[in-house]
Amino acid sequence: MTHPVVVLDFETTGLSPDRGDRATEIAAVVLDSGRIVDRYQSLMNAGLRIPWFIERLTGISDAMVRGAPPATQVMREFATFLRDFPVVAHNVSFDRKFLVAEMGRIGVEVRQEFLCSMRVARRIFPEAENHKLETLQDYARLPGTGRHHRALADAELAAHLWQRMTDELRRRYALRSVPLALMRDVQNLPCRGLDDAIERLRRRHGA
DNA sequence: TGCCAGGCCCTCTTTAGGGCCTT
């Protein structure tokens, strides 16, 4: 029995849908049994101008978004892709609020569980210089996936990171398996004293 | 007019403040 997760990444016009920001690109991969088995990617046109520094950051221009399908169409397609899979993202609170906002515009309620690769990374790799996705790529020697701050490259990179952290837990603590429920518990542990806490989780999950 | 995210995490904490992350 496998427990696939969808690893998600949005590019947007800013940080806050509550302040009027919208998504400009969405991408996600299905990670199942350690492998990326499906992908979704689309630019989307929400009718907003893209701030200059966002264009410089992402490489996504007004012209690119103008030529993209409407946000409503993209989100309907994505809802079909997403189904009820648990969602993983790097700093998931950001992607969750945009997912809820964009799905809300097409009348779809988001019900799935969310897990955060950044929170897990802070516990498993506390000695990393910082916990930006780009830094962790070098730190954990993850494969290149393309231009940073494009949605599919970052979604694939976060998927590689999630899998690497799963493998690291299995190796470091000699676990037979690393169920998703254990990853959920790991992200909620205190950042310090991981070894003792993992021993308790191992017993709880029979891992 | 002038303001402008927000949740997590640490610490010189909990009657708070500031850095980290995402775009």
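Values below: all heavy atoms of this structure, side chains included; hydrogens, waters and symmetry mates excluded. We name chains A, B, ... by the order of the sequence lines, and we start the count at 1 in each one. Being a predicted model, the structure only gives us computed values, none of them experimental.
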Open item on the list: What contact category does A:D95 fall into here, base, sugar-phosphate, or nothing, at under 4.0 angstrom with non-hydrogen atoms?
Closed with: nothing
Open item on the list: If only side-chain N and O atoms count, and only distance matters, is there a donor-acceptor pair under 3.5 Å linking A:E127 with A:Y139?
Closed with: yes
TODO: To the nearest Å, give me how far apart CG (A:N130) and P (B:dC10) are.
DONE: 16 Å
- [ ] Select one nucleotide: of B:dT23, B:dA5, B:dC9, the one nearest the side-chain heavy atoms of A:C191.
- [x] B:dC9
Open item on the list: If I take atom CD in residue A:E129 and atom C1' in nucleotide B:dG19, what distance separates them, rounded to the nearest angstrom?
Closed with: 15 Å
- [ ] Compare side-chain N and O positions of A:H149 against OP1 and OP2 of B:dT23 and report whether any pair is under 4.0 Å apart.
- [x] yes
Task: Ion pair A:R164/A:D167, N-O distance below 4.0 Å - done: no
- [ ] Looking at every strand, decide which applies to A:D9 at a 4.0 Å heavy-atom threshold: base, sugar-phosphate, or nothing.
- [x] sugar-phosphate
- [ ] Taking only the side-chain nitrogens and oxygens of A:R192, find out if one of them lies under 4.0 Å from OP1 or OP2 of B:dT11.
- [x] yes
Open item on the list: Do the side chains of A:E134 and A:K132 get close enough for a salt bridge, i.e. N-O under 4.0 angstrom?
Closed with: no
TODO: Check whether any side-chain nitrogen or oxygen of A:H131 sits under 4.0 Å from OP1 or OP2 of B:dC21, and answer yes or no.
DONE: yes
- [ ] Side chain of A:L133 only, please: which of B:dT23, B:dC10, B:dT22 is the nearest?
- [x] B:dT22
Task: Residue A:K132, side-chain atoms from C-beta onward, closest of B:dT23, B:dG6, B:dC21 - done: B:dC21
Task: A:R119 side-chain N/O to B:dG7 phosphate OP1/OP2 under 4.0 Å - done: no
Open item on the list: At 4.0 Å (heavy atoms only), tell me whether A:F10 reaches a base, stays on the sugar-phosphate, or touches nothing.
Closed with: sugar-phosphate
Task: Selected nucleotide, minimal atom distance to A:L15 side chain, candidates B:dC21, B:dG6, B:dT22 - done: B:dT22
TODO: Give a yes or no on whether a salt bridge exists between A:D62 and A:R49, defined as a side-chain N under 4.0 angstrom from a carboxylate O.
DONE: yes
Task: Among B:dG6, B:dC21, B:dT23, the nucleotide that comes nearest once only the side chain of A:K97 is considered - done: B:dG6
TODO: Could you tell me whether A:T58 contacts a base, only the sugar-phosphate backbone, or nothing, with contacts defined as non-hydrogen atoms closer than 4.0 Å?
DONE: sugar-phosphate
Open item on the list: Counting the atoms with a prime plus P, OP1 and OP2 as sugar-phosphate, which does A:N188 contact under 4.0 Å by heavy atoms, base, sugar-phosphate, or nothing?
Closed with: nothing
